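I have placed the structure first, in the form of structure tokens, so that the comments after it can refer back to it.
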There are 2 protein chains.
Amino acid sequence: MAKPPKENSPITEHLAYLLAQANREINRQLELRLSKEGVPVEQWRILKVLSDGNGHSMGELADAVLLNHPTLTKMIDRMVSDTLVYRVQDPNDRRKVLMFISDRGKVLCRKLNSLAVDQEEHILESYGGKSTSELKRLLESLIDSSN
Amino acid sequence: MAKPPKENSPITEHLAYLLAQANREINRQLELRLSKEGVPVEQWRILKVLSDGNGHSMGELADAVLLNHPTLTKMIDRMVSDTLVYRVQDPNDRRKVLMFISDRGKVLCRKLNSLAVDQEEHILESYGGKSTSELKRLLESLIDSSN
DNA sequence: TTGAAAATATTGAATGTTCAAGAATTGAAG
DNA sequence: CTTCAATTCTTGAACATTCAATATTTTCAA
């Protein structure tokens, strides 16, 4: 009944590894679909967050889309060039910049959403609805317990 | 009883996002511990795979540690400089390079393993054993169903 | 009210990753 | 046997990310 010593357990049994592997695979699939519109996953996330129509500061956005500040700044630069989003100085706190989605961004976002929905449906089919919702629940709770 | 249209669901409900978030968080914690030895997570994975004492080709390794080939080549270059691992031409197929762990690498790997075990124990405490093993099971099955 | 500390975003240099191409070897069909 | 395609790894150039430093604005205590 003795557990095997963890030190010698293969890497494939570590939670960190399983998460990395699953994330890599799902992300690869999503990338593949979004590449139809030539957009990286992070840009889809940004558009999706901004598509509530409200202004979001860079810090807020960085947290929401899991990028650190300088990386986000440079990605936003590209998206501004592509006129998908635009910057507005926050009138209440001029240290902040508020990001908004443009009309062009909204159109693109809708297309991307439906590509992403395709993927979730594909997962639902091959993996099952029960497993999917249970996995989501466990992931949320893991994230919660890590703060 | 109608489900909300997926198109408008917030990004935080997507499986891809939850996976990215959980992975990021757990990885951040692990990085933090391994940084005590100044080693990135990927190098720990490499050492761990090689610590079975057998030679592993670059392709095999790249798959195992979730890096693509050129990235792995350059990371191995650094590890060779640090004399943690070494290359041997595969005598049976001279296209291949077999990687081996050095004695120094083994010593480091043991230290890293125990830092990683610390983390897994910490997760077990805050997240619970039942959730952890259930999450691992679901992740494995998701990975399986994606091939 | 002033001045120091905190918060926010950006920049530039260093570093790391990726893509496409190249070099070496093997396999296998003619 | 020879040649052509496939496999394996590495390289160099393009590109992206990160760290540390900077600029600006706000906050707040003295």
Side-chain angles (χ1 to χ4, degrees), chain A residues 20-21 23-25 27-32 34-35 38-46 49-50 54-82 84-100, chain B residues 20-21 23-25 27-32 34-35 38-46 49-50 54-82 84-100:
Chain A
Q21 200 181 356
N23 179 49
R24 186 182 158 91
E25 180 57 28
N27 213 56
R28 200 189 54 73
Q29 287 175 17
L30 184 55
E31 243 166 18
L32 200 64
L34 299 191
S35 71
V39 176
V41 175
E42 290 79 12
Q43 291 198 12
W44 172 58
R45 290 201 196 122
I46 292 170
V49 170
L50 295 187
N54 300 324
H56 294 261
S57 75
M58 292 296 277
E60 211 183 319
L61 250 190
D63 284 352
V65 305
L66 315 174
L67 291 174
N68 55 20
H69 288 219
T71 307
L72 178 63
T73 292
K74 285 156 193 172
M75 180 157 284
I76 288 287
D77 285 348
R78 285 169 236 148
M79 295 176 77
V80 169
S81 298
D82 295 343
L84 297 172
V85 299
Y86 56 94
R87 289 182 232 247
V88 175
Q89 174 105 256
D90 184 337
N92 297 120
D93 182 342
R94 278 163 30 212
R95 288 170 303 182
K96 293 187 184 174
V97 171
L98 296 180
M99 298 303 313
F100 289 89
Chain B
Q21 200 182 356
N23 179 50
R24 185 183 159 90
E25 180 58 28
N27 213 56
R28 200 188 54 75
Q29 287 175 17
L30 183 55
E31 243 166 18
L32 200 65
L34 299 191
S35 71
V39 176
V41 174
E42 289 79 13
Q43 290 198 12
W44 170 58
R45 289 201 196 122
I46 292 171
V49 170
L50 296 186
N54 300 325
H56 293 261
S57 75
M58 292 295 279
E60 210 183 320
L61 250 190
D63 284 351
V65 305
L66 315 175
L67 291 175
N68 55 19
H69 287 218
T71 306
L72 179 63
T73 293
K74 286 156 192 174
M75 181 158 283
I76 289 286
D77 285 348
R78 286 169 235 147
M79 295 176 77
V80 169
S81 298
D82 295 343
L84 297 172
V85 299
Y86 55 93
R87 289 181 230 247
V88 175
Q89 174 105 255
D90 184 336
N92 297 118
D93 183 341
R94 282 167 21 214
R95 289 168 302 181
K96 293 186 185 174
V97 172
L98 296 181
M99 298 303 314
F100 289 90

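Within every chain, numbering begins at 1; the chains are lettered A, B, ... in the order of the sequence lines, protein sequences first and strands thereafter. FYI, side chains are in, hydrogens and waters are out, and symmetry mates aren't considered; it's all heavy atoms of this structure. Just so it is clear, the model here is predicted, and its values are computed rather than measured.
The side chain to side chain donor-acceptor pair (under 3.5 Å) test applied to B:R95 returns B:D93, not counting sequence neighbours. The side-chain contact (heavy atoms from CB on, under 4.5 Å) test applied to A:R24 returns B:L66, not counting sequence neighbours. Applying the side chain to side chain donor-acceptor pair (under 3.5 Å) rule to A:Q21 yields no partners; only residues at least two apart in sequence or on another chain are considered. Annotation: side chain to side chain donor-acceptor pair (under 3.5 Å) contacts of B:Q89 (sequence neighbours excluded): none. Every residue two or more places apart in sequence or in another chain was checked for a side chain to side chain donor-acceptor pair (under 3.5 Å) with A:E31, and none qualifies.
Rounded to whole Å, the distance from CG on B:L66 to C1' on C:dT17 is 15 Å. Taking atom CG of A:L72 as the reference point, atom C1' of C:dT10 lies 11 Å away to the nearest angstrom. Across the protein-nucleic acid pair, B:R78 atom CZ and C:dA14 atom P stand 17 Å apart, rounded to whole Å. One interatomic measurement links the two molecules: CG of B:L67 to P of C:dT18, which rounds to 8 Å at whole-angstrom precision. Rounded to a whole Å, the CG atom of A:N68 is 14 Å from the C1' atom of C:dG16. Rounded to whole Å, atom P of D:dC9 lies 17 Å from atom CE of B:M75. For A:D77 and D:dA16, the CG to C1' distance is 13 Å, given to the nearest whole Å. Rounding to whole angstrom units, CG of residue B:D63 and P of D:dC9 are separated by 10 Å.
Closest non-hydrogen pair, A:A64 versus A:V49, comes out as CB-CG2, 4.1 Å.
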Distances under 3.5 Å only, N/O to N/O: pair up the protein atoms with those of nucleotides 5-8 of chain C.
from	atom 1	to	atom 2	distance (Å)
C:dA7	O4'	A:R95	NH1	3.3
C:dA7	N3	A:R95	NH1	3.4

Any protein N or O atoms within reach of nucleotides 12-14 of chain D? Criterion: under 3.5 Å, listing atom names and distances.
from	atom 1	to	atom 2	distance (Å)
D:dG12	O6	B:K74	NZ	2.7

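Between A:T71 and D:dT18 there is a side-chain N or O to OP1 or OP2 distance below 4.0 Å. Taking side-chain N and O atoms only, A:R87 has no distance below 4.0 Å to OP1 or OP2 of C:dA9.
In this structure a side-chain-to-backbone donor-acceptor pair under 3.5 Å is missing from A:D82 to A:L84. A donor-acceptor contact shorter than 3.5 Å links the side chain of B:S57 to the backbone of B:E60.
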Contacts table for residues 70-80 of chain A: side-chain donor-acceptor under 3.5 angstrom, sequence neighbours left out:
from	atom 1	to	atom 2	distance (Å)
A:T71	OG1	A:N68	OD1	2.6
A:T73	OG1	A:H69	O	3.2
A:D77	OD1	A:R87	NH2	2.1

